[in-house]
Amino acid sequence: MTVILFLDKHFILKNNNVIINTMKRTLWYKDAVIYQIYPRSFCDSNGDGLGDINGIISKLDYLKELGVNCIWLSPIYDSPQEDNGYDIANYKDIYKPFGTLEDTKRMFDEIHKRGMRVLMDLVANHTSSEHEWFKSAISSKDSPYRDYYIIKKGRKGGKKPPTNWTGFFSESAWERIGDTDEYYLHLFAKGQPDLNWENPKVRQEIKNILKYWLDMGVDGFRCDVINLISKRQEFKNARPSLAITGKHNFINGPRLHEYLHELYVDVLSKYDSMTVGETVLDELEDVLALTIPEREELDTTFNFECLDIDALFGVKYFKNKFRLNRWKKVMYKWQSGLYNKSWSTLVIENHDQRRSVGRFNTDEGEYRIVSAKSLANMYFLMQGTPFIYQGQELAMANPHFESVDECEDVEIKNIYRLLNKYKFLKLLVPNKRALEYCRDNARTPMLWDDSENAGFTTGTPWLAPNKDKRYNAKQALEDKNSLFYHYQSLIKIKGRYPVIRDGEYVPLMMKNKNIFAYKRVTNKEELVVISSFTKKELNRKELKEFKDYQLLLSNYQDIKEFTLLRPYESRVLYKKK
Ligand code: ISL
């Protein structure tokens, strides 16, 4: 007799064998607009000066009004906060000042009730040194967790670390374990020991964590530094580098694809989920190898070559001049390189980057909103999933720190320690550049209004709000010409015209060093985006070609003369074929 059982909504059992996995991953992320929340700085509901989960819940209608349909939460797990939550002490509990698991489940429900989805931040390359696993691992060589981490004998009887590798926070990648001759690897802060993914028990722990959150209703993960999880096992010295010594031993390591495929097959493929990889320093070829669907690894990644366009050798602290034409070439490379093969993300801000106001040739002064709209049109309408970082929709600007004492972040503190130790480095990283590009720029509290603490908290904020509070949520909602409503229009347009999701990217005016222009083309539609990135007025005859197109969106109230672009003028034009 044949027994057929319908298990939950996706699996059908026939005589005890799963015969159909009816789960269809709907690739919903291709129609998503994802809003990144840095919980610590978003909204504080209880006056302790820290953002929290109830604060997020209180602002979900604001996000619904903006029109985003997915929220990525930077880490909310239990953590000692050495790296503001990217150092996790318990993957299955919540950092107490943010709230409880119950609050979290309620937040997920409230997000889903509004037709939005939610991504958690999977930090699986390392844990906190306060994690039970690590405390046990370093307590005894016989600990069952000893092999959860990367622990190696030091050189010269333990007086020197196993290799000369440096991490991402400007210090040795090794920390000695007490007075033993052994060290543990940490590519980030000392309080962030790297997990040993060679150990199948570690991989199983991560799979359990994924399942735990997916079963709680999470719709996917932003995967923190996920291309670092596989290390070359020789653990040899490398040629010293001013940036990161030894990076070829841990960036895109030998078993990376195997590990990611295992996560996909064993867990992710069983849910209508999505993964976006934070793949530091990856080239287009690396990203294709990680994201073409047949690989069954990641769905998409962040493309740092596009975002760190004003960095040198990928290090944003190294002085480098922004050139619009170079950005156009790089964006074209990625748009054409991923087209019909994989899927891109579209990002101009996040919690690690300085604010885009005043960056990428935009203006922070008289043309702040006009130029922010020009930038928005340009990045948002390419092919890919656009991300909006909290406050980007308000044109929140960089706070212009004058002293490192105004900053909290471990990264800038370590950089200053290095600059003070090796003064010559200031030639490459002047103090001003370090403060201009440090991560605290993006982490000042969200500006809800122009009151003393910007409506973020009734207490003392953990990080001082921007002194300039003119552009805040209250003001934006009252001003029909605000950047907020411009993003709202962009989101509506994105959902209305299929050419934005599916159209081929065709660059325009590539030689013009002040205009970023392109077309998106299918056999049925054409969308044209023209954005000026200069205060100068530009008269361009080639614009005549688009005179009869329908104007969908502009950052000026009218079109004075079709071939004339006023300061930072930007137009989105459309033609149905
Ligand atoms: O911010 C950077 C340089 O200034 C990046 O190198 C960043 O450190 C890198 O992209 C990894 O970032 C991610 O992992 C880190 C965490 O500190 C970052 O906030 C997170 O985005 C370690 O978990």
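Atoms within each ligand, like the ligands themselves, are counted from 1 in listed order. By convention here, the first residue in the shown sequence is residue 1.
- Asn54 and Asn46 are not linked by any side-chain donor-acceptor pair at a separation below 3.5 angstrom, with hydrogens and angles left out of the test.
- With no hydrogens or angles considered, a side-chain donor-acceptor pair links Ser342 and Thr291 at under 3.5 Å.
- Atom NZ of Lys211 has 12 or fewer heavy atoms from other residues, nucleotides or ligands within 6.0 Å.
- When the ring-ring contact (aromatic ring centres under 6.0 Å, His included) test is applied to Tyr91, the partners found at least two apart in sequence or on another chain are His131.
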N/O contact list for ligand 1, threshold under 3.5 Å:
{"from": "ligand 1", "atom 1": "1 (O)", "to": "Lys316", "atom 2": "NZ", "distance (Å)": "3.4"}
{"from": "ligand 1", "atom 1": "4 (O)", "to": "Lys316", "atom 2": "NZ", "distance (Å)": "2.7"}
{"from": "ligand 1", "atom 1": "4 (O)", "to": "Glu411", "atom 2": "OE1", "distance (Å)": "2.9"}
{"from": "ligand 1", "atom 1": "4 (O)", "to": "Glu411", "atom 2": "OE2", "distance (Å)": "2.9"}
{"from": "ligand 1", "atom 1": "10 (O)", "to": "Glu278", "atom 2": "OE2", "distance (Å)": "2.8"}
{"from": "ligand 1", "atom 1": "12 (O)", "to": "Glu278", "atom 2": "OE1", "distance (Å)": "3.4"}
{"from": "ligand 1", "atom 1": "12 (O)", "to": "Glu278", "atom 2": "OE2", "distance (Å)": "3.1"}
{"from": "ligand 1", "atom 1": "12 (O)", "to": "Asp352", "atom 2": "OD2", "distance (Å)": "3.4"}
{"from": "ligand 1", "atom 1": "14 (O)", "to": "Asp224", "atom 2": "OD1", "distance (Å)": "3.0"}
{"from": "ligand 1", "atom 1": "14 (O)", "to": "Asp224", "atom 2": "OD2", "distance (Å)": "3.3"}
{"from": "ligand 1", "atom 1": "17 (O)", "to": "Asp83", "atom 2": "OD1", "distance (Å)": "3.2"}
{"from": "ligand 1", "atom 1": "17 (O)", "to": "Asp83", "atom 2": "OD2", "distance (Å)": "2.5"}
{"from": "ligand 1", "atom 1": "17 (O)", "to": "Arg439", "atom 2": "NH1", "distance (Å)": "2.9"}
{"from": "ligand 1", "atom 1": "17 (O)", "to": "Arg439", "atom 2": "NH2", "distance (Å)": "3.4"}
{"from": "ligand 1", "atom 1": "19 (O)", "to": "His351", "atom 2": "NE2", "distance (Å)": "2.9"}
{"from": "ligand 1", "atom 1": "19 (O)", "to": "Asp352", "atom 2": "OD1", "distance (Å)": "2.8"}
{"from": "ligand 1", "atom 1": "19 (O)", "to": "Asp352", "atom 2": "OD2", "distance (Å)": "3.4"}
{"from": "ligand 1", "atom 1": "19 (O)", "to": "Arg439", "atom 2": "NH1", "distance (Å)": "3.4"}
{"from": "ligand 1", "atom 1": "21 (O)", "to": "Arg222", "atom 2": "NH2", "distance (Å)": "2.9"}
{"from": "ligand 1", "atom 1": "21 (O)", "to": "Glu278", "atom 2": "OE2", "distance (Å)": "3.4"}
{"from": "ligand 1", "atom 1": "21 (O)", "to": "His351", "atom 2": "NE2", "distance (Å)": "2.9"}
{"from": "ligand 1", "atom 1": "21 (O)", "to": "Asp352", "atom 2": "OD2", "distance (Å)": "2.4"}
{"from": "ligand 1", "atom 1": "23 (O)", "to": "His126", "atom 2": "NE2", "distance (Å)": "3.0"}
{"from": "ligand 1", "atom 1": "23 (O)", "to": "Asp224", "atom 2": "OD2", "distance (Å)": "2.8"}

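- The aromatic rings of Tyr38 and His351 lie parallel to each other, their planes meeting at an angle below 30°, with 60° marking the opposite boundary.
- Defined by atom type and a distance below 3.5 Å, a donor-acceptor pair is missing between the side-chain atoms of Tyr86 and Ser79.
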